[in-house]
Every structure is written in structure tokens, then in C-alpha cells.
2 protein chains.
Amino acid sequence: MAKTTTPPGADTASPSATALPAARRVTSYDVALLAGVSQSAVSRCFKPGASVSKATYARVMKAAASLDYIPNAAARSLITRRSNMVAVLISNTSNLHYPEVLSALSQQIARHGKRVLLFSLAQEADVAHALADVWQYQVDGAISVASLSDEHIVEFRRRGVPLVLLNRRAPGQVAHTVSCDQVQAARTLVSRLAAAGHRQFALIEGPTDSCTAQERRRGAWQRLTELGLPAPLVVTGQYDYASGGTGLREIIRQLGRVPDAVICASDVMAIGCLDCARHELALDVPGQLSVAGFDAVEPSNWLSYNLTTLRQPMQQMAAAAADLLVAQIDGRETEARGRLFSAQFIEGATARLAPLQPDMLAA
Amino acid sequence: MAKTTTPPGADTASPSATALPAARRVTSYDVALLAGVSQSAVSRCFKPGASVSKATYARVMKAAASLDYIPNAAARSLITRRSNMVAVLISNTSNLHYPEVLSALSQQIARHGKRVLLFSLAQEADVAHALADVWQYQVDGAISVASLSDEHIVEFRRRGVPLVLLNRRAPGQVAHTVSCDQVQAARTLVSRLAAAGHRQFALIEGPTDSCTAQERRRGAWQRLTELGLPAPLVVTGQYDYASGGTGLREIIRQLGRVPDAVICASDVMAIGCLDCARHELALDVPGQLSVAGFDAVEPSNWLSYNLTTLRQPMQQMAAAAADLLVAQIDGRETEARGRLFSAQFIEGATARLAPLQPDMLAA
DNA sequence: TTGTATGCGTTATCAA
DNA sequence: TTGATAACGCATACAA
């Protein structure tokens, strides 16, 4: 390895570790000087499809290596108007879903040679702050896994920053969107439960401002109505574990009895509901009560739960979002487009299900 | 105020959906022109502690607002040598731990007016690629929640990029570190289990290259030896759910019987172990077998598990890491420092525990 | 307090 | 293929 001057105390004894006093950065001029070429020649050597002779390329690369030269992305982006950064806006409320989404997005964005500038939104109020920074940092585009208001979406367009919404809708706006068909997913779930004889349904929803929750609700209602079943009892939760238990209690209180099936707008709530039913209310699930969730987060697959749920093809959705965004950035895609994925039904063992009938697929 | 040329469609009325063809960006010159001041005056207005008169400040801000002007961070960082970006390196293997760590880091870094450039490492091989980008993007510093080789750590110092390791050690290097005392945590756990009468221990470890796993192992061994207990049986897992079950089976196979206690190097493995014990082997936990984990991830707290585990004060650790990094960036902290936090013991209900004795604290 | 002039490190244009 | 030169958008030293 490079023996610089004095190998700074490698033993914990003497952390001399004096930070090098802002050593002047190595620039393309330094490399040019050492290689005996012009600065623009150096620049060209670091641009993929440039026109450089083998000889100069070799000389430049050798000099660059010996000086530890790395092009400065800030300077580059100033002139190319490309930062190779993509903003990812994500709200913490996604919770257990968060790592899967984020690492998938990060990977897919990296495939296109770009990196993720992360905006992790703890509260709704953070959106304004985050966006102010998004504009400053000159990102090439943004992917939002958080709810944005119409005004915010308009601002993206006005500022010419490509935007893709992942699992969110733009209420009054045309926007590029990648999502999973929640309506269809909820319809499928209801169909399969109804076919197995469930009649009294209850729903534990997410916060009403979440469009994912709204669509799941709409799909369930639609299908229940079509099947002539009684209207479901609806309570609202916060997508968290505790909401599952309190939701179930509330349902039983309002209904005066245990419903046939509880559909929860997230797996975590479904698990909370399940634990409450089994451990606190001593109910047999799925004997006395069927419980289903959405998202197929990792714990839903654990032996203690084996939850009936619907999986979103997140890796594919992330790839689609990244592709769609890059297409916009490259100007290949101008008109707003939406890509809709289908959820995969996971039978699990927390709901009584009838064997699959052909008409359910058509449902 | 004089509407000079044509303010680019500032009204939401006509979104005409056609992406504006790379409209020339609004710069500080445009603002200066409209406000009737010099460009440097505009610049000063956007610098916190600058010397500007009330009057010009107002004029400039008005002009800026009407033009939708936002300073260009790339240009700024070129001259200030501050990008206000912090690289966060994190490996996906942290899995359930990942969201907590990442959102805590993101928040804490944001407190210092900086943003997170995310490098989510799916494989060990990604490190080199990630680092190459870290150098390019001119980040102010980096926080690594992934294992870095000595060579990599040296490179940070050589390039003058401040680095803080979170829950990782630098084997042969002096480095700024924030971590949780895994040795002490493991010792405490063994002490409490031993005091309750457990004699035959087994460990399900993480990958041997993980230093966190190593420390947990060392602490457990130390304390077992001190207490004169038999050496534990050790098997290795991958930190995932499946490893818990296969680990337990392997332990029972090698031991010829069920051990008194299984200590797992992560909660997810502990949960896998627990589920296997209860649902597949029909063992009574903690009656016949005690199971404990590390990390206190959210599911460990669910009713089905109520796991005996140790919580790392992650929010505080993230804050410490951010503080330490920023101190380095600002040149306030030059000598390598390590901050060590203590884990909090969560009693849970998957292990038989004796009441807390004073000497355990000293252990 | 304000304006002028210069430089940050790169890419892009154009002539050689 | 190569080199001189002009941007890119901002911050800062210095003079006014």
C-alpha cells in the first residue's frame, strides 16, 4: 500500500491522527502537468466515449493513478447539468416495508449509474424542508414513496425535475406512477374469503390520507357490494402493531360479536390483530376469525404467523420506477405514464379459504 | 417590481403537460438584475451571517421569490468545498435493523444541515464501487454501518474524508467509532441466565467476519469461563430467520439433548430459534429452554415473542455518530475517538431469569 | 454596506 | 487527435 510520509500510528497507543490540513485537491491540471498533456486531454480520458489516442490515454491514466486523481463531480455537474443523483423521498411510516423498498430502489438506481440522495421524512411537515433541499442539490430526478400534495407535484414540473411516484397517486395531477393494483388485490381477497363462507367483514384501515389505504378500502367495498354481503365495519389505525389490537377490540365492541373476517391495511396491523385475537382474546384463528393483511413483510412469513396476505413485487416495481425516471431524465419519455403491477396472493394460514375458482380470477 | 422578461409560467393555471425544454436555469445574476443589485449582493443574502442592509435584503428576496430562485448547491460546493452531503454506507444484511438505523442517521444528519447520500451495499463486492463514487461526489464525510477493510479506512484518511464507524471496528486502524458494548451486553446476559441456573449454553452466531458477532461471542465465553460453566456449543448462522431454526436443530443434534439456553447473535435468529422450538419441536420456552437475542428489533416486542434481548440505544448512537462526524468536518475533533454505549437489558419472557443481583451489574 | 473582479474544477466548442 | 478558451453558478477578497 502507499507508504505516504509517516504511517500514522497504526497502534491505538498514539492517535496522532492529525487531520491533514486541507491538502490542496488534486485537479485535472495536476494530472495534465505530470502527463505532459493539456487539461482537456485529461478530461477526455475520463469521458467514456471520447476520442483519445491509446498513447495519451495510457500516460494520463498513469499520472492520474500516481496522483490519486478523481474527477470532481460537483464541477462536472455544474457544466453537464447532470448530478447523477436521484432524490428518494420516503416516510418512516412505511416502517417494516422500508428496508425492502429502499434497498431495492438503491440497487435499481445504481444500475443506471446514479446514486440516492435520501430524504427520510419523519413527519408530514418535513416535506417542505426536504423539497427545498431537493431543489438546491440539483438532483436529476426524484422518486417519492411519500405522499405529495398537488402543489408539490406541480412544483416538480415547473422546476423541470422528473418525478416518479411509487405506490402513491397524484390526486389531481398527471404524473408518472408505478404502483400495485390495490383495488384488484382487495377484490381478490374479499372474493376468496367470501367464497369460503365469510359474511361479516371488518376492515382496519390505514390513515385516511394514504391513497394506498383508500384503494384497498374501495376494492373491498366494491367486491362486498357486488357479492351482496353486508357492509363491513371500518375502523382506522396507524399502520402499526398496536393499531391491530385496538382495532380488533373496537370492532368487537361496535359489532357486539366477533366478525367473520378482519382485513387489515398492512401486515403489521394484521399481526397485531392476530396476536390480540389469539393471546388476549383467546380466539381461534382462523377457526373463529380470519385475519388477512397486505404487503407480505418478512415477519408475515414466520411460523408464528404464516399470514394470509398479498405481496407486492417490490423489486420489479423499484426497477420500473428507476427505468421510468431515467427515461424521463434522458428525455425519452415525456408523456405521463403509469405502470400497474399485480399483487401476488399468499394463502398463509390465518384465513379460511375456499379452493381457487376460475371466476375469482375474473373478479 | 418590474417584470423584466417573461417570468417562466409561475401560475398553476396552464401546466400544458409539455416538459419545458430545459429552460435556462435561474441564477443569482437574474435575481440581481431584477432586484437592481449586484450578483454578490444576492449571494450574501443567501448566506446566514452576511452583512446586508434590510432594504437590499428585502428587494433581493422579493426578486428571488418571483423568479423561483434557488441557489445551486453544486456551484456553491465548488467554491466552499462543502457539499453538505454525508455518505452513509450500509449493508443490507442488517435487515430488520436497517430502517431504524437509517432513519435515525438521516434525521440526525439533517439536524446538522446535511443530507444523506446513500450507499446500500447488497454484496461485499459493492464496497469498491461505492467508495469510488464516494470520492467523486465530494461528500463532507461518511458514516459506515458496513465492514470496511483497513485499506479502505486508510484511504479515507489519505483523501481527507472524515469517517465514523457505527457499530464496526477498524481492526488495525485508529478511527472514530460509535458502538455499543457488545462484550458487556453478552456478559450481562450470561450472568443473568447463569444466576437462574442455566448451565449448558449454546450460541448461534453471526457470520464470523462480523465484529459485532465476534464481540458478543467473546463476552459470552469470558463470562461463562469466569463462572466455571461448561464451554458453550457454537454454531454459525447468517443473521436470518432460517438460521435460527437450523441452528437449534444442529445444536440439539451435536449435543444429543436440548441445551439450557440458546443465545442468538440477532433477534431475527432468536425468533427463528423460538418458532422452531415451539412449533416444530414442541418445546416449552422458557420452561425447557431459554432463548435470548440481541438488538430489540420491533417484532421482538410482539406478543407472540416477547423476547429476552438487549436494546442498543440507536437514536442516541446515531446522534453521537452525526455529532462526531460534524465535529471532524468542522475541524473541532482531530484525534480519533470512540464512544461506547451500553445496551439496555430487556427481560422479555423467553428466558428464565433470576431477580437482578448487585454483583451482576459489576460483572 | 455594496460592487468589481477573480477563482473553484470541470466539460464543451472550435480551430489547429 | 489535440490544445486554447469559454462557460457553468456561486462565494469571497478587496476596493469603494
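We use all heavy atoms of the structure for the numbers below, so side chains are in, but hydrogens, waters and symmetry mates are not.
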In sequence, state the C-alpha distance, the side-chain angles, and the governing distance for B:Asp323 and B:Arg332, and then conclude on salt bridge (Lys or Arg N to Asp or Glu O under 4.0 Å).
CA-CA 11 Å; B:Asp323 290 347; B:Arg332 284 182 283 118; over 6 Å; no

Would you say D:dC10 has OP1 or OP2 under 4.0 Å from some side-chain N or O of B:Ser28?
yes

Run the side-chain hydrogen bond (donor to acceptor under 3.5 Å, both in side chains) test against A:Arg59 and tell me which residues pass, sequence neighbours left out.
none

Under the ring pair (Phe, Tyr, Trp, His ring centres under 6.0 Å) definition, can you give me all pairs with a residue in residues 101-133 of chain B, not counting sequence neighbours?
none

Starting at CG of A:Leu33 and ending at P of D:dA4, how long is that distance when rounded to a whole Å?
12 Å

Can you check whether A:Ser51 has a side-chain N or O nearer than 4.0 Å to OP1 or OP2 of D:dT1?
yes

Contacts of type side-chain contact (heavy atoms from CB on, under 4.5 Å), residue B:Ala65, not counting sequence neighbours
none

At less than 4.0 Å, is any side-chain N or O atom of A:Ser53 found next to OP1 or OP2 of D:dT2? Yes or no.
yes

When rounded to the nearest 0.5 Å, the distance separating CD1 of A:Ile109 from OG of B:Ser120 is 10.5 Å

Taking for B:Ala75 and for B:Ser40 the nucleotide of DNA chain D with the nearest heavy atom, the one nearer the 5' end belongs to B:Ala75

Where at least one partner belongs to residues 142-164 of chain A, residue pairs that pass ring pair (Phe, Tyr, Trp, His ring centres under 6.0 Å), sequence neighbours excluded
A:Trp135-A:Phe156

Atom CZ of B:Arg82 to atom P of D:dG9: distance rounded to whole Å?
24 Å

Is A:Thr56 touching bases, backbone alone, or none of the nucleic acid, heavy atoms closer than 4.0 Å?
sugar-phosphate

On DNA chain C, nearest-nucleotide positions of B:Tyr57 versus A:Thr27: which is more 5'?
B:Tyr57

Roughly how many Å is it from CD1 in A:Ile79 to P in D:dT5, rounded to a whole number?
17 Å

Which distance, rounded to the nearest 0.5 Å, do you find between the CG of A:Asp30 and the CG of A:Asp68?
12.0 Å

From CG of B:Asp30 across to P of D:dC8 the rounded distance in Å is 11 Å

Hey, which of A:Leu102, A:Leu89, A:Val164, A:Leu105 is the one that makes side chain to side chain contact (heavy atoms under 4.5 Å, CB included) with A:Val145?
A:Leu105

First and last nt of DNA chain C near chain B, cut-off under 4.0 Å to heavy atoms, 5' to 3', are C:dT1 to C:dG9

Sorted by number, the residues of residues 41-50 of chain B with heavy-atom contact under 4.0 Å to DNA chain C
B:Ala41, B:Arg44

Candidates D:dA11, D:dT5, D:dT2 - which lies nearest the side chain of A:Val52
D:dT2

Given atom CZ of A:Arg81 and atom P of D:dC10, what is their separation to the nearest angstrom?
11 Å

Please walk me through it: do B:Met61 and B:Tyr69 pass side-chain contact (heavy atoms from CB on, under 4.5 Å)?
CA-CA 9 Å; B:Met61 282 320 197; B:Tyr69 168 75; over 6 Å; no

